[in-house]
Amino acid sequence: MLEERYLDLFQDLSGIIPGERLIRDDLRTLAYGTDASFYRLIPKLVVRVDTEAEVGEVLRQCRAHRLPLTFRGGGTSLSGQSLSDSVLMQLGTGWRGIRIEDEGRLITLQPGVVGAHANARLAPYRRKIGPDPASINAAMVGGIAANNASGMCCGTSQNSYRTLEGMRIILADGTGLDTRSQASRDRFRQARPDLVERIGRLAERTRQNGELAGRIRRKFKMKNTTGYSLNALIDFEDPIDVIQHLMIGSEGTLGFISEITYRTVPDHPHKATALILFPDIRTACEATTLLRNCPVSAVEIMDRAGLRSVEDKPGLPLDLKNLDPSVAALLVEIRGETPEDLDRHLGATTRSLADLPTVEPVAFTRDPAEQLRLWNIRKGLFPSIGAIREIGTTVIIEDVAFPIDRLAEATLQLQQLFRKHHYSEAIISGHALEGNLHFVFTQDFNRPEEVRRYRDFIDDLTEMVVRSYDGSLKAEHGTGRNMAPFVELEWGAEAYGLMREIKAVFDPENLLNPGVILNSDPRIHLKNLKPLPKAHSVVDKCTECGFCEVNCPSRDLTLTPRQRIAVWREISRLRSGGGNPARLVELTGRYAYQGNATCATDGLCAIACPVNIDTGKLIKDLRRLEIPAWQDRTATLLADHFGLVTASLRMLLTATHQFHRLLGSEGMRQVTNWARKFSGNRLPQWNPYLPGAAEVLTKSGNVGRSPLKAVYFPSCLSRTLGVAGDSGGQPSQNRKLELLMRKAGVEPVYPENLDSLCCGMPFASKGFERQGARKQEELQRALNLASRDGLYPVLVDTSPCLFRLKESAHFDPEFSIYEPAEFILKVLRPGLTFSKSAGPVALHSPCSSRKMGLDNALRQLAELCSEEVIVPDSVGCCGFAGDRGFSHPELTASALGPLKASLPSSCPVGYSTSKTCEIGLSLHARIPYQSIAYLVDECTEGRIRQGGGKDSGDG
Ligand SMILES: Cc1cc2nc3c(=O)[nH]c(=O)nc-3n(C[C@H](O)[C@H](O)[C@H](O)COP(=O)(O)OP(=O)(O)OC[C@H]3O[C@@H](n4cnc5c(N)ncnc54)[C@H](O)[C@@H]3O)c2cc1C
Ligand code: SF4
Ligand code: SF4
């Protein structure tokens with residue numbers, strides 16, 4: 001039950017924010033409260049805001065009720081700064097706006113824009129935003145700015161602080177400020193003269209204090225996110241400029257950033273990369289000092305333990321196993337605007353390293369594939385520790401910086417500290433040019449003696465970084481709760497006093513993210529530690545980093561993959577007797593919809609996960625465990641008589657189609673909505689893009705005489721689902737592909753017993769693993785037979801079905817099996833002449849294509865047919881998930897919410913390679929989506945193949 005003060009706040013907010021955006025149930029407060037740190041606080045109330053006006057009102061109401069509030073972006077923070085045990089403010093879908101000005105030199109971003117999405121929009125201008133945290137694919141601009149996050153290229157000259165052009169801010173009392181508008185600046189001076197004046201005085205006082213100003217200047221030459229951005233007080237004179245720069249790195253403790261404009265930086269296209277092995281860390285650090293004066297864009301250092309942690313990974317370009325124990329590596333990247341630039345930069349860099357001993361000769365590569373392999377060594381360090389850790393332990397990434405000229409000494413001393421505290425698995429890597437070291441180790445917080453070990457280690461570490469080197473305790477990741485007890489140690493009493501004054505001026509009632517950055521509890525970094533109990537083998541390695549969240553189709557509807565895992569962990573903890581049984585019942589009950597029913601099980605989460613976790617597999621397993629015996633028997637029956645099932649479905653679709661014609665779309669919608677409601681949502685949702693029945697193919701192809709043959713397996717979906725009502729008399733997809741194959745001079749060969757074949761996905765996705773596996777084996781046998789053990793290539797015309805086969809069946813390596821885009825490119829293209837005769841076309845790669853790395857093939861094919869191919873970056877998985885789009889249409893509606901607005905009105909049609917995705921896409925884009933085969937057929941002529949073949953051209 002919610003405490004009375006929160007109930008009052010809830011009541012008052014109810015008049016302002018719609019009920020579905022005021023969240024207070026046990027499951028979602030736990031789920032939405034989780035971040036990437038090793039701390040756990042559960043908010044009492046989560047408020048999802050969509051506009052600046054709502055933010056202002058929530059701030060005013062929290063102030064009126066004296067209740068603390070924390071802002072949340074992507075929740076990838078590592079230091080415990082995006083948590084709350086009071087009110088958590090989440091960004092709704094209304095904060096993803098991007099505006100580009102001045103040929104890409106300026107970009108204005110709302111705080112909910114994911115960093116990588118901003119860069120994708122800047123790519124055509126060959127520019128990017130300055131801040132480049134390794135988490136840029138998941139972190140949002142609000143969080144990036146509020147943490148002053150940075151990465152391997154941006155250093156201290158391209159971070160949010162240095163590239164800030166302007167900002168819209170909402171302060172604790174609800175006052176707004178747009179620093180790019182003179183009128184707003186003037187209004188703000190009148191509305192908050194107290195704040196403007198006090199900040200002005202603070203800045204002046206600091207500037208006049210030569211010693212303190214010098215220290216601030218010195219400390220910010222290094223990367224530093226410990227405490228507030230005190231450099232704002234000495235870098236700017238106008239208090240409003242000071243205010244906006246203080247917001248950078250303020251971790252949500254001073255106000256809300258509702259928009260930010262960055263000056264962008266060049267993104268040079270020409271690159272060369274080398275992994276340079278040095279005999280020891282000292283030489284590697286010496287090289288770093290030399291490289292500081294060279295035109296290099298990134299220098300990443302890795303110690304021997306780090307190299308050892310990835311030495312068994314497949315595809316490594318170097319043998320890392322047999323290196324001496326003292327070896328250290330630098331991964332160096334050089335960029336140039338033109339190839340000539342790059343040559344010049346390369347020459348200067350290699351010359352400067354010429355006198356240093358290396359284990360192997362220095363060799364830069366310009367081959368993108370080789371470069372990727374080299375970067376994968378660096379990127380693999382964190383997952384490799386995550387993967388080897390014991391279940392129940394957490395992975396900690398620390399983040400310190402030392403003066404560059406003492407980097408070698410500091411690294412050796414750090415290694416000594418690991419030995420002293422028995423962190424034998426700890427590895428060191430980091431942005432060497434900045435003296436910024438990250439070290440990763442595993443920590444058990446379940447036992448008091450282990451917590452003490454961590455405490456002692458941190459005490460030693462902070463002493464060493466501050467007293468021996470005057471370094472930064474948090475170079476990039478923000479102070480949070482983790483380093484709050486040590487801010488004064490690092491900065492000294494005078495600077496710390498300034499920070500306290502800043503907080504008091506901005507937030508006198510200490511309501512914004514209290515306890516973060518400034519905290520009077522010297523042991524706060526050891527409190528509220530997050531339990532990570534054993535939950536399920538599929539997800540036990542999850543570090544709750546949040547990288548998987550942005551791609552998940554249910555993220556705006558119910559839960560993300562990380563949240564599914566966090567809640568399942570809590571359910572498992574409660575089940576093993578760790579807490580309140582009523583809470584267990586509550587969480588389990590809600591998980592059925594929030595966690596289970598609305599997971600599309602598409603597995604897109606695995607692509608972004610550093611430890612390859614497919615949360616969909618957890619959900620499929622939970623579905624399997626819940627299946628009652630009668631359903632299992634029914635599934636077996638359906639699998640045994642699959643031909644009958646597809647035939648019956650075709651009859652049903654024909655009947656539905658007739659009704660649609662009779663009643664019209666509106667009438668049909670009303671009748672089916674009523675029937676669905678009456679059935680308690682058990683009947684599937686009808687929509688006007690639901691196709692009629694597919695044509696039934698004859699198998700005449702199997703006796704044809706063409707020398708070129710390919711096996712064509714139309715999936716059960718394309719054997720069942722034909723074309724939608726408004727498709728202008730087009731043949732169904734299976735027929736279209738057959739005709740296209742013949743046009744390209746390829747004879748389709750059909751597997752025996754086609755009608756009863758299926759890849760097993762409809763069964764497996766609902767947890768009927770056994771039936772799914774049997775169908776998949778049947779299909780594999782049939783494909784082997786039809787292709788004469790791989791002599792003919794095989795086309796599976798629906799991407800998800802091919803993915804399932806590739807994932808679970810065992811074909812010989814030389815067996816060529818394709819989905820439509822790759823099949824057309826590799827097998828049909830020699831028999832077709834393409835013309836770019838189509839107008840603008842939209843494209844959607846199903847998750848399965850992306851997982852197979854085939855999204856480029858689809859794009860390449862579409863670009864052979866049209867000058868304007870549109871791939872909206874706002875849409876990932878469509879959420880249709882086989883038939884889930886019929887049973888849970890709200891999932892598709894949520895996943896595809898931004899689709900229509902992302903397509904220009906000039907785009908009349910879309911293409912994909914998955915039948916059911918196409919239904920959902922058509923519905924929400926309000927334009928028909930079809931198989932890519934239709935586009936290819938429209939834009940090609942058959943031609944004589946070189947070396948034989950037949951031009952059959954079907955028109
Ligand atoms: C594996 C891993 C690697 C990482 N690598 C890096 C790295 O290389 N460099 C780096 O700097 N960081 C790194 N981080 C930390 C983190 O990802 C970044 O700091 C990131 O910028 C945080 O962004 P976010 O959207 O997740 O913010 P959140 O974690 O949601 O929030 C961050 C802070 O900003 C505040 N905030 C959020 N939105 C607003 C807003 N609109 N207005 C005001 N305050 C707001 C929050 O209250 C919080 O204090 C890494 C994290 C992980 C898990
Ligand atoms: S399988 Fe899909 S819907 Fe389920 S958690 Fe992963 S990304 Fe989200
Ligand atoms: S599933 Fe993977 S990406 Fe998602 S939170 Fe866990 S570790 Fe991170």
Side-chain angles (χ1 to χ4, degrees), residues 34-37 55 70-84 88-89 91 95 110-112 114-115 131-136 138-152 154 159-160 169-170 223 225 247 250-260 382-383 386 395 397 399 431 438 475-478 480 512-513 516-517 539 541-549 551-555 559-566 595 598-620 847 876-877 879 881 891 895:
T34 300
D35 78 355
S37 72
V55 174
T70 299
F71 310 125
R72 172 60 74 85
T76 64
S77 282
L78 291 161
S79 311
Q81 62 267 55
S82 62
L83 298 172
S84 171
L88 185 75
M89 188 196 275
L91 299 179
W95 299 95
Q110 286 190 304
V114 170
D132 59 350
S135 52
I136 197 161
M140 293 175 183
V141 164
I144 291 175
N147 276 357
N148 198 16
S150 56
M152 45 186 203
C154 92
N159 57 20
S160 293
I169 307 166
I170 305 173
K223 281 193 176 186
T225 59
M247 291 294 296
S250 64
E251 301 178 26
T253 62
L254 301 183
F256 179 78
I257 301 167
S258 64
E259 188 180 274
I260 186 161
F382 172 67
V395 187
I397 315 178
D399 162 41
H431 314 314
H438 297 299
E476 295 182 335
H477 297 167
L512 298 183
N513 220 0
V516 163
I517 297 188
V539 297
K541 296 291 181 202
C542 172
T543 57
E544 303 193 356
C545 66
F547 285 12
C548 51
E549 294 205 329
N551 289 334
C552 177
S554 59
R555 70 178 168 145
L559 301 183
T560 66
R562 166 169 65 174
Q563 293 162 354
R564 287 193 163 89
I565 295 170
T598 49
C599 173
T601 65
D602 51 281
L604 210 53
C605 35
I607 297 182
C609 175
V611 280
N612 301 323
I613 292 174
D614 174 355
T615 308
K617 284 190 176 153
L618 163 73
I619 300 301
K620 278 191 244 179
C847 308
C877 168
L891 176 59

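Owing to the predicted nature of the structure, the values given are computational and were not obtained by experimental measurement. Just so you know, ligand 1 is whichever comes first in the structure, and atom 1 is the first atom listed for that ligand.
Between the side chains of T253 and N513, no donor N or O sits under 3.5 Å from an acceptor N or O. With no hydrogens or angles considered, no side-chain donor-acceptor pair links Q81 and H477 at under 3.5 Å. S77 and N147 are linked by a side-chain donor-acceptor pair at a separation below 3.5 angstrom, with hydrogens and angles left out of the test.
For S258, the heavy-atom gap to ligand 1 stays at 4.0 angstrom or more. Taking 4.0 Å as the cut-off, P561 does not count as a neighbour of ligand 3 on heavy-atom distance. Under the 4.0 angstrom criterion for non-hydrogen atoms, G478 is not in contact with ligand 1. For the ligand labelled ligand 3, residue P610 lies inside the 4.0 Å heavy-atom shell.
Looking only at protein heavy atoms, the nearest one to atom 30 (O) of ligand 1 is G73 N, 2.7 Å. Atom 4 (Fe) of ligand 2 has C599 SG, 2.3 Å as its closest protein atom, hydrogens excluded (heavy atom only). In terms of protein heavy-atom proximity, atom 24 (P) of ligand 1 is closest to G74 N, 3.4 Å. Counting only heavy atoms of the protein, atom 2 (Fe) of ligand 2 lies nearest to D602 OD1, 2.2 Å. In this structure, atom 43 (C) of ligand 1 lies nearest to the protein heavy atom G255 O, 3.4 Å. Remark: minimum distance from atom 36 (N) of ligand 1 to any protein heavy atom is reached at A146 CB, 3.8 Å. Shortest contact from atom 1 (S) of ligand 2 to any protein heavy atom: G603 N, 3.2 Å. At the top of the distance list for atom 2 (C) of ligand 1, counting protein heavy atoms only, stands F547 CZ, 3.5 Å. The single protein non-hydrogen atom nearest to atom 7 (S) of ligand 3 is T543 N, 3.4 Å, given as residue, atom name and distance. Distance from atom 6 (Fe) of ligand 2 to its nearest protein heavy atom, with residue and atom name: C605 SG, 2.3 Å. Atom 48 (C) of ligand 1 has its closest protein heavy atom at Q81 O, 3.4 Å. In terms of protein heavy-atom proximity, atom 8 (Fe) of ligand 3 is closest to C545 SG, 2.4 Å. Looking from atom 5 (N) of ligand 1 to the surrounding protein, the closest heavy atom is A134 CB, 3.7 Å. The closest protein non-hydrogen atom to atom 3 (S) of ligand 2 is A600 N, 3.1 Å.
A donor-acceptor pair is defined here as one N or O able to donate and one able to accept, closer than 3.5 Å; such a pair exists between the side chain of D132 and the backbone of C154. When atom types are taken as modelled, the side chain of N159 and the backbone of S150 share no donor-acceptor pair closer than 3.5 angstrom.
For ligand 1, the atoms closer than 4.0 angstrom to any heavy atom of N513 are 47 (O), 49 (O). For ligand 2 and P553, the ligand atoms under 4.0 Å from any heavy atom of the residue are 2 (Fe), 3 (S), 7 (S), 8 (Fe). Heavy-atom contacts of S77 reach the following atoms of ligand 1: 28 (P), 29 (O), 31 (O), 32 (C) (cutoff under 4.0 Å). Atoms of ligand 3 found under 4.0 Å from any heavy atom of E544, numbered from 1 in the order shown, are 5 (S), 6 (Fe). Residue T601 has at least one heavy-atom neighbour below 4.0 Å for each of these atoms of ligand 2: 1 (S), 4 (Fe). Taking a cut-off of under 4.0 Å to the non-hydrogen atoms of C609, the atoms of ligand 3 that pass are 1 (S), 2 (Fe), 3 (S), 7 (S). In summary, the atoms of ligand 3 found under 4.0 Å from a heavy atom of R562, numbered by their order in the structure, are 5 (S). Atoms of ligand 2 found under 4.0 Å from any heavy atom of G616 (numbered from 1 in listed order, with element): 1 (S). Less than 4.0 angstrom separates some heavy atom of I565 from each of these atoms of ligand 3: 1 (S).
Of the heavy atoms in S150, only backbone atoms (N, CA, C, O) come closer than 4.0 Å to ligand 1. Contacts with ligand 1 closer than 4.0 Å are made by side-chain heavy atoms of P111 only, the backbone lying farther away.
Of the N or O atoms in N147, one or more lie within a sub-3.5 Å distance of an N or O in ligand 1. At a 3.5 angstrom cut-off on N or O pairs, E251 counts as close to ligand 1. Geometrically, ligand 1 and S135 share a nitrogen or oxygen pair separated by less than 3.5 Å. Looking at ligand 1, you won't find any N or O of A149 less than 3.5 Å from one of its N or O atoms. Residue F256 places no N or O, backbone or side chain, under 3.5 Å from any N or O of ligand 1. Taking only nitrogen or oxygen atoms, main chain and side chain alike, H438 does not reach within less than 3.5 Å of ligand 1.
With distances taken over non-hydrogen atoms, the option nearest atom 40 (C) of ligand 1 out of T253, I257, I169, N148 is I257. Here atom 23 (O) of ligand 1 lies nearest to A139 when heavy atoms of S37, A36, G252, A139 are compared. The residue from T70, D35, T76, I517 that puts a heavy atom closest to atom 17 (O) of ligand 1 is T76. Selection from R564, Q563, E549 by nearest heavy atom to atom 5 (S) of ligand 2 gives R564.
Looking at every heavy atom in both residues, I613 comes nearest to K541 through CD1-C, 3.9 Å. Residues S250 and I517 come closest through the heavy atom pair O-CD1, 3.6 Å. Across every non-hydrogen atom of T601 and G616, the tightest pair is CG2-O, 3.8 Å. Considering all non-hydrogen atoms of both residues, S84 and T70 come closest at CB-OG1, 3.4 Å. Taking each heavy atom of A608 and C548 in turn, the nearest pair found is CB-CA, 4.1 Å. For the pair E251 and V516, the tightest heavy-atom approach, listed with the atom from each and the gap, is OE1-CG1, 3.4 Å.
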Carefully, step by step, assess R555 and E549 under the rule salt bridge (Lys or Arg N to Asp or Glu O under 4.0 Å).
CA-CA 7 Å; R555 70 178 168 145; E549 294 205 329; over 6 Å; no
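A distance of 6.0 Å or more separates the ring centres of F71 and W95.
Counting only heavy atoms from C-beta outward, the side chains of D399 and K223 never approach each other to under 4.5 Å. Inter-residue side-chain proximity for M140 and R72 is flagged as unmet; no heavy-atom pair is nearer than 4.5 Å.
Taking backbone and side-chain atoms together, C542 has no N/O/S atom less than 2.8 Å away from atom 8 (Fe) of ligand 3. Atom 6 (Fe) of ligand 2 has no N, O or S atom of C548 closer than 2.8 Å.
Under the side-chain contact (heavy atoms from CB on, under 4.5 Å) test applied with R562, the options T560, L559, I565 reduce to a single match, T560.
With rounding to the nearest 0.5 Å, the separation of CD1 in I260 from CE in M247 is 9.0 Å.
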